[in-house]
Amino acid sequence: MEKTWRWFGKKDKITLSMLRQIGVEGIVTALHDIPNGEIWKEEAILDLKGYIEEVGLRWSVVESLPVSEAIKYGGSERDKLIDNYIVSLENLGKAGIKTICYNFMPVIDWIRTDLDYKLPDGTSTLFFDKIQFGYFDIFILQRENAEKDYSPQELEKIYTLDKSITEKEKDQLIDTIIVKTQGFINGNIKEGDQNPVTIFSQLLSLYNGIGKDGLRNNLRYFLIRIMPVCEKYGIHMCIHPDDPPCQVLGLPRIVTDTEDIQWILDAVDSPHNGLTFCAGSLSSGLQNDVPAMARKFTERTRFVHLRSTDVLQGGNFIEASHLEGRGHLIELVTIFENENPQLPMRVDHGRMMLGDEDKGYNPGYSFHGRMFALAQVGGIMATVEHLTKSNL
């Protein structure tokens, strides 16, 4: 597999020359300055592509060309936004950039309740605590009928938390769940926005009455519209699983398990309608046998995110070592190297370590932590390659 790295453009504190030195081969990036729904112009694409190539790297994957909310919920401006999306895809295709990672998660891309969870060895990582998330849902967001989504045992703990949580801790939850995890990825809410909870609640309301079938149908409509330009330029669209892969905040989630992924691939049965196989997202759902899913979907996988999670008691989960956890990365690398070896791969959600915490990196996107993970995964890849050649 190609060793790639998610890089956030020319303003990223991690430079391309640093990445070249640690063995990165391809770059995963986007035009982060372009607002959602606007056209990515050919000049801007070629400028960033040339900047990357000057260092001896290549722009391997777009992550992501964001799908506007109105496309997801089927708003009146949907067709105009899809038209813009098609032009952006055409401009990317002309520039020779053929792999597009995207998601179809309503409102919120990924969810954690702690971005700096301390580990015994002195590093820190990302963590999801279901009780804290339930508190945010019920007491801060005050979503109608939110209590129905939690068990009596969970509700008891949530109401107990309400008796002790401080205002500072409430503000931290808001910042973690709907600001810091979203703003740096063309999210709907960014640093400095006033009243983020109000904005977030308004966004949720756009999906009132849109269940799983409705969101699926909107995804199929979107894919049908864009497939002709994908086929013309050989572009692979690869949808990212929901993170975490479960229903949250009353929103429909449609990329959570084997059945969901199969439905999407069958809905538009084209080799250009593919999958981003994110082992981390999938492994945080107990319903998912991650290696079995890799075997099933390897032919339609176009991009791989190699990270792993451990699911704890009570629905909590934590980022695991890249050598451990439910992601089973050693087995996944073996599957993909043997069945689809040219795929771009990036490590993901590295720990904060060795001074990363002072650099202002985006959550989950440290330098030393990801470099350490890349070394681990690179060792796995080299071992798999050696064993494969030995068995020939």
Taking the side chain from Glu339 and the backbone from Phe336, do they hold a donor-acceptor pair closer than 3.5 Å? no
Atom of Gln262, atom of Phe297 and distance for their closest heavy-atom approach: OE1-CE2, 3.4 Å
For Lys157, does the NZ atom sit with more than 12 other heavy atoms under 6.0 Å from it, leaving out its own atoms? no
Given the rule that I, L, V, M, F, W and Y join up when any side-chain heavy atoms are under 4.5 Å apart, are Val268 and Phe104 in one cluster? yes
Candidates Asn362, Asp175, Ile177, Thr176 - the one meeting side chain to side chain contact (heavy atoms under 4.5 Å, CB included) with Leu115: Thr176
Set out, in order, the CA-CA distance, both residues' side-chain angles and the distance that settles salt bridge (charged side-chain N to carboxylate O under 4.0 Å, His left out) for Asp243 and Arg307, then state yes or no. CA-CA 13 Å; Asp243 185 7; Arg307 67 178 176 90; 3.2 Å; yes
Measure from the side-chain N and O atoms of Asn217 to the backbone N and O of Asp213, and report whether any donor-acceptor pair falls under 3.5 Å. yes
First locate atom CG of Asn338, then atom CZ of Arg295, and finally report the distance between them rounded to the nearest 0.5 Å. 11.0 Å
Assess the pair Tyr361 and Tyr365: is the distance between their ring centroids shorter than 6.0 Å? no
Looking at OG of Ser60 and CE of Met345, how far apart are the two atoms once the value is rounded to the nearest 0.5 Å? 11.0 Å
Determine yes or no for a side-chain-to-main-chain donor-acceptor pair under 3.5 angstrom, with Glu169 supplying the side chain and Thr166 the backbone. yes
Which atoms form the tightest heavy-atom contact between Ile254 and Ile264, and what is the distance? O-CD1, 3.7 Å
Can you tell me how the ring of Phe128 sits relative to the ring of Phe317, calling it parallel under 30°, perpendicular over 60° and tilted otherwise? parallel
Leu81 side chain reached by Val67 side chain, heavy atoms, under 4.5 Å: no
Of the non-hydrogen atoms in His322 and Val347, which two are nearest, and what is the gap between them? NE2-CB, 4.1 Å
What closest approach, in Å, do Gly93 and Tyr233 show between heavy atoms, and which atom pair accounts for it? C-CD2, 3.7 Å
Derivation of the salt bridge (charged side-chain N to carboxylate O under 4.0 Å, His left out) call for Arg112 and Asp114: CA-CA 6 Å; Arg112 301 294 187 274; Asp114 191 342; over 6 Å; no
Please tell me whether Arg326 and Asn288 have a donor and an acceptor in their side chains that are separated by less than 3.5 angstrom. no
Looking only at heavy atoms, the pair that brings Arg302 and Gly274 closest together is CG-CA, 4.2 Å
Nearest heavy atoms of Ala279 and Leu329, plus distance in Å: CB-CD2, 3.9 Å
Parallel, tilted or perpendicular: rings of Phe127 and Tyr117 (30°, 60°): parallel
Checking the side chain of Glu337 only, and the main-chain atoms of Met381 only, is there a donor and an acceptor separated by less than 3.5 Å? no
For residues Trp40 and Val28: do they belong to one hydrophobic cluster (side chain heavy atoms under 4.5 Å, members Ile, Leu, Val, Met, Phe, Trp, Tyr)? no
Check the pair Asp356, Arg370 against salt bridge (charged side-chain N to carboxylate O under 4.0 Å, His left out), reporting the backbone distance first and the verdict last. CA-CA 10 Å; Asp356 282 333; Arg370 281 191 289 166; over 6 Å; no
To the nearest 0.5 Å, what is the distance between NZ (Lys49) and CD (Glu42)? 11.0 Å
List the steps and the verdict of salt bridge (charged side-chain N to carboxylate O under 4.0 Å, His left out) for Asp348 and Arg6. CA-CA 8 Å; Asp348 204 358; Arg6 192 172 193 186; over 6 Å; no
So, does Glu69 use its side chain to make a donor-acceptor pair with the main chain of Val107 at under 3.5 Å? yes
Can any side-chain N or O of Thr113 pair as donor or acceptor with the backbone N or O of Asp129 at less than 3.5 Å? yes
Determine whether the side chains of His305 and Glu63 contain a donor N or O and an acceptor N or O closer than 3.5 Å. yes
Among side-chain atoms of His349 and Glu319, is any donor-acceptor pair under 3.5 angstrom? yes
Would you compute the distance between atom OH of Tyr85 and atom CG of Asp79 and round it to the nearest 0.5 angstrom? 15.5 Å
Is there a donor-acceptor contact under 3.5 Å linking the side chains of Ser124 and Asp116? yes
Hydrophobic cluster membership, with links at side-chain heavy-atom distances under 4.5 Å among I/L/V/M/F/W/Y: are Ile330 and Phe277 in one? yes
Ser366 vs Arg351 side-chain heavy atoms within contact, under 4.5 Å: no
Under 3.5 Å side-chain donor-acceptor pair for Ser308 and Ser283: no
Less than 4.5 Å apart, side chain to side chain, heavy atoms only: is that true for Arg300 and Asp269? yes
Between Val87 and Tyr221, is there shared hydrophobic-cluster membership here, with clusters defined by ILVMFWY side-chain heavy atoms closer than 4.5 Å? no
Within the distance-only criterion (no hydrogens, no angle test), does the side chain of Arg58 pair as donor or acceptor with the backbone N or O of Glu53 below 3.5 angstrom? no
Quick one: pull up OG1 in Thr256 and CD1 in Ile261 and give me the separation to the nearest 0.5 Å. 8.0 Å
